[in-house]
Amino acid sequence: MNYQNFFQNRPTTEIAQDLLGRVLTYQDNGKLLGGLIVETEAYLGPKDYAAHSYNGRRSPANEGLYCPGGYLYIYAQRQYFFFDIATQERDNPEGVLVRAIEPTLGIETMIKNRAGKTGPLITNGPAKMMQAFGVTSRKWDLHPINQTPFSVDLTSKRPIKNVIAAPRIGVRQDDDWSKRLLRFYVAGNPYVSDMKKTKLDKNNGWELTKNKI
DNA sequence: TAGTAGATTTGCT
DNA sequence: GCAAATCTACTAA
């Protein structure tokens with residue numbers, strides 16, 4: 001399995017769900033930062049009203065979506081950044097947004113990058129995750145992921161008890177597309193954005209297994 | 001816990 | 001100029 005196979009030849013919604021429970025890492029000056037992906041969103045090209053590529057919109061700002069599967073699409077909004085991975089073949093502008101991870105590597109460094117914030121506040125949102133990694137530019141936009149400090153473990157995956165499909169967050173809520181269930185997350189995991197304390201799962205939503213990743 | 005307001009950058013119209 | 005795939009702080013109950 002390589003990145004191109006993983007991010008092509010199947011529906012983007014399936015890819016988004018398959019990313020849950022995998023490890024996303026970022027190499028920063030010899031330190032390895034990262035964690036388990038717990039929340040993703042799918043954006044489905046020209047017909048998706050909430051996608052940047054809606055109606056075939058194309059510009060230097062969203063060129064990343066038009067790249068082949070496995071390329072990065074880094075988007076800046078206000079002072080924040082988003083981390084997307086393009087899916088499908090070139091010129092088919094679909095992609096997956098990684099919204100949240102459960103930190104497992106380099107936690108101390110990520111806390112520093114987040115100005116001392118701890119627990120779920122480190123990475124329970126797209127911009128927070130990028131801050132925790134220390135990413136403050138679009139430097140890796142349009143690059144294949146294997147040529148960047150980012151990497152996703154495609155060989156193993158932590159079993160999840162329940163995956164929830166829900167409407168996407170932060171998009172206009174005035175049309176049918178905004179209500180479609182294109183956001184996927186690990187049920188009960190505290191690092192999922194906007195997760196309620198009362199709905200937390202004892203084991204963070206992971207299947208109980210002998211071998212921890 | 002839910003709801004609201006303000007911050008502040010990028011790129012398109 | 002304006003809107004945007006957000007975050008934080010503050011308020012009330």
Side-chain angles (χ1 to χ4, degrees), chain A residues 7 12-13 15-17 19-20 24 37-67 69 71-88 92-101 103 110-142 150 164-185 188-201:
Chain A
F7 292 107
T12 297
T13 50
I15 298 169
Q17 292 177 71
L19 280 170
L20 295 175
L24 170 70
I37 297 173
V38 296
E39 185 180 8
T40 60
E41 284 180 1
Y43 286 88
L44 304 183
K47 58 185 186 299
D48 182 351
Y49 197 82
H52 292 153
S53 53
Y54 172 68
N55 204 19
R57 269 188 310 198
R58 183 168 188 167
S59 71
N62 67 2
E63 182 64 25
L65 284 173
Y66 290 82
C67 287
Y71 277 58
L72 298 186
Y73 169 43
I74 311 284
Y75 179 74
Q77 182 193 16
R78 289 178 165 76
Q79 67 268 57
Y80 305 122
F81 291 88
F82 299 83
F83 177 78
D84 291 52
I85 303 173
T87 58
Q88 309 310 325
N92 187 351
E94 302 196 0
V96 174
L97 167 70
V98 178
R99 286 189 57 88
I101 63 173
M110 292 197 280
I111 289 175
K112 269 185 209 163
N113 289 339
R114 291 279 299 132
K117 299 225 171 7
T118 57
L121 291 177
I122 308 174
T123 53
N124 67 340
K128 297 178 194 177
M129 185 185 80
M130 291 299 258
Q131 267 187 31
F133 285 168
V135 176
T136 54
S137 78
R138 295 180 62 199
K139 183 176 177 184
W140 302 112
D141 190 34
L142 309 180
F150 293 96
I164 306 282
R168 289 171 293 187
I169 288 183
V171 301
R172 285 173 56 170
Q173 296 293 322
D174 58 358
D175 73 306
D176 291 340
W177 271 93
S178 66
K179 299 184 185 70
R180 291 193 46 167
L181 306 180
L182 296 175
R183 167 175 169 242
F184 306 99
Y185 63 87
N189 187 286
Y191 295 89
V192 172
S193 57
D194 223 20
M195 179 60 63
K196 303 291 177 282
K197 273 189 175 177
T198 54
K199 293 186 179 174
L200 294 185
D201 182 87

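Residue numbering restarts at 1 for every chain, and letters A, B, ... go by the order of the sequence lines.
Here CD1 of A/Ile101 is found 12.5 Å from CG of A/Leu19. Values are rounded to the nearest 0.5 Å. The CD1 atom of A/Ile122 sits 13.0 Å away from atom NZ of A/Lys112, with the distance rounded to the nearest 0.5 Å. Atom SG of A/Cys67 is separated from atom CG of A/Asp141 by 7.5 Å, given to the nearest 0.5 angstrom. Atom-to-atom distance recorded for A/Ile37:CD1 and A/Met129:CE is 7.5 Å, nearest 0.5 angstrom.
Within residues 117-126 of chain A, no residue is approached by DNA chain B to less than 4.0 Å at the level of any non-hydrogen atom. For the segment residues 192-201 of chain A, residues with any heavy atom less than 4.0 angstrom from an atom of DNA chain B are, sorted by number, A/Lys196, A/Lys197.
Taking the six-membered ring for Trp and thresholds of 30 and 60 degrees, A/Tyr75 and A/Phe82 have ring planes inclined between 30 and 60 degrees apart.
Remark: A/Gln131 engages A/Arg114 in a side chain to side chain donor-acceptor pair (under 3.5 Å) (not counting sequence neighbours). The side chain to side chain donor-acceptor pair (under 3.5 Å) test applied to A/Asp48 returns A/Arg168, not counting sequence neighbours. In this structure A/Arg58 satisfies the salt bridge (charged side-chain N to carboxylate O under 4.0 Å, His left out) test together with A/Glu63, A/Asp91, sequence neighbours excluded. For the side chain to side chain donor-acceptor pair (under 3.5 Å) test, no residue two or more places apart in sequence or in another chain qualifies with A/Thr13. Checked against salt bridge (charged side-chain N to carboxylate O under 4.0 Å, His left out), A/Lys196 has the following partners two or more places apart in sequence or in another chain: A/Asp194. Applying the side chain to side chain donor-acceptor pair (under 3.5 Å) criterion to A/Arg183, with sequence neighbours excluded, gives A/Glu39.
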Using the 3.5 Å cut-off, write out each protein N or O paired with an N or O of nucleotides 9-13 of chain B and the distance between them.
residue	atom	partner	partner atom	Å
B/dT9	O4'	A/Arg78	O	2.9
B/dT9	O2	A/Arg78	N	3.2
B/dG11	OP1	A/Arg138	NH1	3.1
B/dC12	OP1	A/Ser59	OG	2.4

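Using a 4.0 Å heavy-atom cutoff across all strands shown, A/Tyr73 reaches at least one base atom of the nucleic acid. Backbone-only contact: A/Arg114 has heavy atoms under 4.0 Å from sugar-phosphate atoms and none from a base.
Atom CD1 of A/Ile169 is separated from atom P of B/dA2 by 13 Å (rounded to the nearest Å).
Listed here is the closest heavy atom pair of A/Pro190 and A/Leu200: CA-CD2, 3.6 Å.
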> Between A/Phe150 and A/Phe83, does a ring-ring contact (aromatic ring centres under 6.0 Å, His included) hold up when you go through it step by step?
Replying inline: CA-CA 10 Å; A/Phe150 293 96; A/Phe83 177 78; 4.6 Å; yes

>> Quick one, A/Val96 with A/Glu41, criterion side chain to side chain contact (heavy atoms under 4.5 Å, CB included). Give me CA distance, side-chain angles, the key distance, then yes/no.
In response: CA-CA 6 Å; A/Val96 174; A/Glu41 284 180 1; over 6 Å; no

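Stem list for DNA chain C (at least 3 consecutive Watson-Crick or G-U pairs, distances under 3.5 Å): B:1-7 with C:6-12, B:9-12 with C:1-4.
Using a 4.0 Å cutoff to heavy atoms of chain A, the contacted part of DNA chain C runs 5' to 3' from C/dA4 to C/dT8.
Here ring pair (Phe, Tyr, Trp, His ring centres under 6.0 Å) pairs that include residues 122-141 of chain A, with residues two or more places apart or in two chains, are A/Tyr26-A/Phe133, A/Trp140-A/His143.
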